[in-house]
Amino acid sequence: MGYVGILAFMALLRVLLHEDTKRNRRIFCIASGLLLVLFSALRHPTVGRDTVTFIEVFLKVEGRDILDVLQFSSWTEPGFRLLCAFIGLFTKNGQWLIAVTSLIIHGSVTYFLYKHAKNPYLGMFLYMALMIYPLYLCIMRQALAVAIFLFAYGFLKKKKWVPYVLIVLLASTFHTSVLIFLACPLLTLLRVTRKRLRWLLPATGAAALLCLLFVRPIIAVAQRIFPRYADYEPTTFLALYGFFAFFLAVVAYGLFRLYLTPEGDTLLPVLENGFDERSFLTLMMLLGVVLAAMMTGFGQLQRLFHYFEVFYLLWLPAVTPPLFCEEKSRRLAVPLQLIPVLAVSVAYFLVLLFLRSGLWYDAMPYRFFW
């Protein structure tokens with residue numbers, strides 16, 4: 001199985017690059033990122049839930065002028081259609097749409113983790129182990145929106161709001177739901193402390209419970225406000241509760257490490273410009289809990305939940321001690337706290353891979369395009 005092979009490659013490469021240096025981080029991210037891009041780019045169009053449909057859009061807009069592409073009647077956003085038209089200037093082969101989008105999506109995630117993850121080795125490993133990578137083989141438009149948004153994160157950390165907003169707006173031309181990130185600057189205004197968690201946690205729990213009980217009436221009101229989504233009927237299935245439970249466990253572990261351990265204050269220090277990444281990520285994860293609760297009763301909200309899943313890749317590497325190289329033996333040592341994180345993530349990967357992933361990811365079985 002290719003996905004298992006990629007995980008094994010990352011693990012072996014980390015062992016070979018036992019010293020945590022800037023050079024080794026770069027080598028690890030480039031090698032792993034290239035493998036992810038190639039594995040995605042060379043897949044058959046039947047790998048991925050809507051890949052064939054996206055290629056159909058590509059073939060329909062190929063050869064049209066810009067105005068025609070913008071006015072073309074399609075369920076896809078204009079940014080995606082323009083990208084299809086641009087690729088169509090050079091080729092009529094739909095496989096190139098898969099290749100180019102693979103480079104954009106997985107190249108962006110790789111750069112994001114190298115630049116912003118406290119432990120990019122673990123971040124890249126979790127990208128596969130938590131099944132985000134196979135998911136992105138299916139949701140091409142939304143994955144492109146995420147990929148573009150990730151470039152805005154650096155501006156968010158620097159509190160440069162104008163370029164941040166412009167990049168989010170650009171991302172929304174591929175999937176409008178990414179506009180929820182326009183609220184992120186507001187989250188930088190509140191600093192989360194142990195004292196404030198005493199009311200934040202009960203408030204989050206109450207909000208999650210209310211949303212769990214009354215999600216359908218809430219969505220009904222939203223559908224009246226946004227008629228575009230009026231045709232969406234509530235769906236739910238057992239796996240959504242599994243995602244919710246797993247997200248709760250990840251959030252709880254991170255909160256424990258950040259706020260209830262002596263080293264918590266140093267794991268994500270406040271940056272020079274006043275950006276408190278610990279507080280920001282905490283608030284994002286708490287909001288994710290509320291959305292995950294709503295998702296269990298209205299499965300279509302899983303699309304919004306996917307935006308919070310990408311923050312796993314910053315949250316867990318920040319709160320989990322990394323592998324380290326022993327000075328005398330020059331061998332890798334595994335911190336005790338890292339073992340359950342690796343064990344649970346691999347178990348999660350195997351359960352989704354072999355039991356259910358074919359039903360909701362449609363990334364199985366993998367086939368090369370030839």
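Because the structure is a prediction, the values reported are computed rather than measured. Each residue takes its place number in the sequence, starting with 1.
Grouping Ile, Leu, Val, Met, Phe, Trp and Tyr by side-chain contacts under 4.5 Å, direct or through others, leaves L212 on its own. L38 belongs to no hydrophobic cluster with other residues, because no ILVMFWY side-chain heavy atom falls under 4.5 Å from its own, directly or through intermediates. V290 shares a hydrophobic cluster with no other residue; no ILVMFWY side chain has heavy atoms under 4.5 Å from its own.
Residue pairs meeting the ring pair (Phe, Tyr, Trp, His ring centres under 6.0 Å) criterion with at least one member in residues 261-290, sequence neighbours excluded: F275-F280. For residues 239-259, the pairs satisfying side-chain hydrogen bond (donor to acceptor under 3.5 Å, both in side chains) are R257-E263, Y259-T282, with sequence neighbours left out. Applying the salt bridge (charged side-chain N to carboxylate O under 4.0 Å, His left out) test to pairs two or more places apart or on separate chains, none has a residue in residues 286-302. Residue pairs meeting the ring pair (Phe, Tyr, Trp, His ring centres under 6.0 Å) criterion with at least one partner in residues 185-214, sequence neighbours excluded, do not occur; the list is empty.
Evaluation of the side-chain hydrogen bond (donor to acceptor under 3.5 Å, both in side chains) rule for H175 yields S177 as partners, not counting sequence neighbours. When the salt bridge (Lys or Arg N to Asp or Glu O under 4.0 Å) test is applied to R191, the partners found at least two apart in sequence or on another chain are D276. For Y121, the side-chain hydrogen bond (donor to acceptor under 3.5 Å, both in side chains) partners two or more places apart in sequence, or in a different chain, are D20. A search for salt bridge (Lys or Arg N to Asp or Glu O under 4.0 Å) contacts involving D265 returns R194, R278, not counting sequence neighbours. Residues forming a side-chain hydrogen bond (donor to acceptor under 3.5 Å, both in side chains) with Q142 (at least two apart in sequence, or on another chain): none.
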